[in-house]
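For the numbers below, each heavy atom of this structure counts, side chains included, while hydrogens, waters and symmetry mates do not. Each chain gets a letter, A, B and so on, in the order the sequences are listed, and its residues count up from 1.
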Protein chains: 2
Amino acid sequence: MANTKKMDYVLLGLLSHEPMTGYEIKKRLDTTLRFFWGGSYGSIYPTLNQLEKEGKVTKEDTSSNGREKLSYSITDCGRVSLKEWLAKPVEKDELRYETLLKLFFGNETGMEGAMEHIERFEAKCKDELVVLNLFAENLSHHLEDDTHKHYYLTVRFGIKTYESYLEWCREAKEQIKEWQK
Amino acid sequence: MANTKKMDYVLLGLLSHEPMTGYEIKKRLDTTLRFFWGGSYGSIYPTLNQLEKEGKVTKEDTSSNGREKLSYSITDCGRVSLKEWLAKPVEKDELRYETLLKLFFGNETGMEGAMEHIERFEAKCKDELVVLNLFAENLSHHLEDDTHKHYYLTVRFGIKTYESYLEWCREAKEQIKEWQK
DNA sequence: GTATGATGTATCGGCTTGATATATTGCATG
DNA sequence: CATGCAATATATCAAGCCGATACATCATAC
């Protein structure tokens, strides 16, 4: 059978929006998708080559002034492959929260350590929420576009969850203070 | 320098609670830690051997009736290593939500597909919430123990976030219905 | 003019997952 | 009481992925 590798579909999905270079794909992963997915050069470039061999994307050399630049576009075959994957039920959603890990094992260091981790987590969440709210604001003016509608739903997911993280931080800090009495 | 590998500290953390076999560790990861961390045999057994070589855990053969059984315990050296790691700030928290990925690229399949993914996600969240609430209920009767306190905080995190996921599901479904008019 | 950062392609080591192999024990069901 | 299925238990392997790094050019600022 064909690939079940996730990165294949991440790349096909991004290229279904517009042609891009590997570098641009990486940037997109680090900004727009950052809240729910990642990806490294070590999987982007090899996957692009493999997808080209399979005929799911095409490569175009758009170098200029000696600066190397390879633009990738999705093919009809690639679109079919993407749609098949999109229609299948989700296999796995997962959280990998080091903060919770350190909290869980925190009885080795006491509640002060836990408190510190929660406060750092809280600060980071606040920063992320600012970014997400900006995204939502910008997107709300362009909701005619179907792509933006889908993007908007994922941003709303981010906002909802980060807000609940902050609520939990407040609750947890309160709880710890009570225990310390 | 020493290891920065996460699995090292997951195992040390679990063994700091009580001695366990690799199999028991796996079960713990699949139940208690499931909501925020994972782990496979392919990383558990090799890591246990490596930690033993480093003197951070000791192995004891507790086989009986010909059934092989290797119990691992944390050493003082292992405890020091764990505490050092716990004191360091968190490097990375990450979400890997295939549901959001399929939603983000959903303009290829239309809003009906998005709706289906959201509904499946909603159903799964409801199930998880039942489990988490059970955990919280049980734990709330044993909060004298420090280990349980820390465990309780992570369960509360799970409850808060799953509740917000469900809220988002409702909101998103509402939003999609409105767009479909 | 020259250092810094952004653009851009690419690979490598090491870690992790998911599947699989192997073997024994305990329990249930006909 | 046999037979099969689930649970206990250790262990490895291919394939996937991350983080770091190497390399080269261009733009900007000082």
Side-chain angles (χ1 to χ4, degrees), chain A residues 1-11 14 19-31 33-34 36-54 57 59-72 85 91-96 98 101, chain B residues 1-11 14 19-31 33-34 36-54 57 59-72 85 91-96 98 101:
Chain A
M1 250 301 289
N3 286 309
T4 49
K5 196 171 75 181
K6 296 288 174 336
M7 189 51 67
D8 288 10
Y9 303 107
V10 175
L11 299 190
L14 285 172
M20 273 185 257
T21 68
Y23 184 76
E24 286 167 331
I25 286 171
K26 172 66 172 152
K27 267 207 301 186
R28 205 60 71 93
L29 289 173
D30 290 344
T31 53
L33 301 192
R34 164 164 72 96
F36 56 90
W37 208 263
S40 64
Y41 290 127
S43 58
I44 293 170
Y45 285 108
T47 303
L48 281 171
N49 281 321
Q50 169 227 309
L51 287 173
E52 199 208 355
K53 272 180 206 149
E54 291 169 3
V57 304
K59 175 158 61 177
E60 196 194 348
D61 192 327
T62 53
S63 303
S64 59
N65 309 338
R67 160 94 118 247
E68 201 178 6
K69 190 169 172 176
L70 304 170
S71 241
Y72 290 88
W85 177 74
E91 286 179 350
K92 200 183 162 198
D93 288 320
E94 66 174 327
L95 211 61
R96 223 139 223 272
E98 210 182 303
L101 210 51
Chain B
M1 250 296 290
N3 286 308
T4 50
K5 196 172 72 181
K6 296 289 172 341
M7 189 52 65
D8 287 10
Y9 303 107
V10 175
L11 299 190
L14 284 171
M20 273 186 257
T21 67
Y23 185 75
E24 286 167 332
I25 286 170
K26 171 65 170 154
K27 267 206 301 188
R28 206 59 72 91
L29 289 172
D30 291 343
T31 53
L33 301 192
R34 166 163 71 95
F36 56 91
W37 207 266
S40 63
Y41 289 128
S43 59
I44 293 170
Y45 285 109
T47 303
L48 281 172
N49 281 321
Q50 169 228 309
L51 287 173
E52 200 209 354
K53 272 180 204 149
E54 292 169 3
V57 304
K59 176 159 60 179
E60 196 195 347
D61 193 327
T62 53
S63 302
S64 59
N65 309 338
R67 158 93 118 248
E68 200 177 7
K69 191 169 170 176
L70 305 170
S71 241
Y72 290 87
W85 177 73
E91 286 179 351
K92 200 184 161 198
D93 288 321
E94 66 174 326
L95 211 61
R96 226 143 220 267
E98 211 182 302
L101 210 51

| field | Spacing of A:W37 atom CH2 and A:L29 atom CG [to the nearest 0.5 Å] | value | 10.5 Å
| request: Indicate whether OP1 or OP2 belonging to D:dG16 is found under 4.0 Å from a side-chain N or O atom of B:R96. | output: no
| query | Where the side chain of A:S43 is concerned, which of C:dT17, D:dT12, D:dC18 is the nearest nucleotide? | reply | D:dC18
| Which is true for B:T21 with a 4.0 Å heavy-atom rule: it touches a base, it touches only sugar-phosphate, or it touches nothing? | sugar-phosphate
| task | Return the value, rounded to whole Å, for the distance between atom CD1 of A:I44 and atom C1' of C:dT9. | result | 11 Å
| message | The criterion is ring pair (Phe, Tyr, Trp, His ring centres under 6.0 Å); which residues satisfy it with B:W85, sequence neighbours excluded? | response | B:Y9
Which pairs, protein N/O on one side and nucleotides 20-27 of chain C N/O on the other, fall under 3.5 Å?
residue : atom : partner : partner atom : Å
C:dT24  : O2   : B:R67   : NH1          : 2.5
C:dT25  : OP1  : B:N65   : O            : 2.0
C:dT25  : O4'  : B:R67   : NH1          : 2.7

| Could you state the CG-C1' distance from B:D8 to C:dT16, rounded to the nearest angstrom? | 13 Å
| request: Drop me the distance from A:T62's OG1 to A:E68's CD, to the nearest 0.5 angstrom. | output: 10.0 Å
| query | If you check every side-chain atom of A:Y45, which of C:dT17, C:dT11, D:dC17 has the closest atom? | reply | C:dT11
| Any side-chain N or O of B:K69 less than 4.0 Å from the OP1 or OP2 oxygen of D:dA9? | yes
| query | Just how far is it from atom OG1 of B:T47 to atom OH of B:Y72, taken to the nearest 0.5 Å? | reply | 10.5 Å
| task | Could you check how far CE of A:M20 sits from C1' of C:dT7, rounded to whole Å? | result | 16 Å
| Residue-level proximity of residues 22-31 of chain B to DNA chain C when a heavy atom falls under 4.0 Å | none
| Contacts of type salt bridge (charged side-chain N to carboxylate O under 4.0 Å, His left out), residue B:K69, not counting sequence neighbours | none
| field | Between C1' of C:dG8 and CG of A:N49, the distance in whole Å | value | 14 Å
| request: Starting at atom CD of A:E68, determine the distance to atom C1' of D:dT25, rounded to an integer number of angstrom. | output: 10 Å
| said: I need the B:E94 CD to A:E94 CD distance, nearest 0.5 Å. | reply: 7.5 Å
| request: Figure out the NZ/P separation between B:K6 and C:dT16, and round it to whole Å. | output: 9 Å
| Rounded to whole angstrom units, what separation is found between the CD atom of A:Q50 and the P atom of D:dC17? | 10 Å
| field | Beyond-backbone contact of A:M20 with A:L11, side-chain heavy atoms, under 4.5 angstrom | value | no
| task | Any chance you could measure B:K27, atom NZ, to B:T21, atom OG1, to the nearest 0.5 Å? | result | 8.0 Å
| query | Can you tell me how far CG of B:L48 sits from CD1 of B:I25, rounded to the nearest 0.5 angstrom? | reply | 4.5 Å
| For A:K26, which residues count as a side chain to side chain contact (heavy atoms under 4.5 Å, CB included) partner, sequence neighbours excluded? | A:D30, A:Y41, A:I44
| request: Compare side-chain N and O positions of A:S40 against OP1 and OP2 of D:dC17 and report whether any pair is under 4.0 Å apart. | output: no
| request: Name the residue closer to the 5' end of DNA chain D, choosing between B:Y72 and B:E94 according to the nucleotide with the nearest heavy atom. | output: B:Y72
| field | Rounded (10°) bend between the five-pair end axes of the helix from C:dG1-D:dC30 to C:dG30-D:dC1 | value | 30°
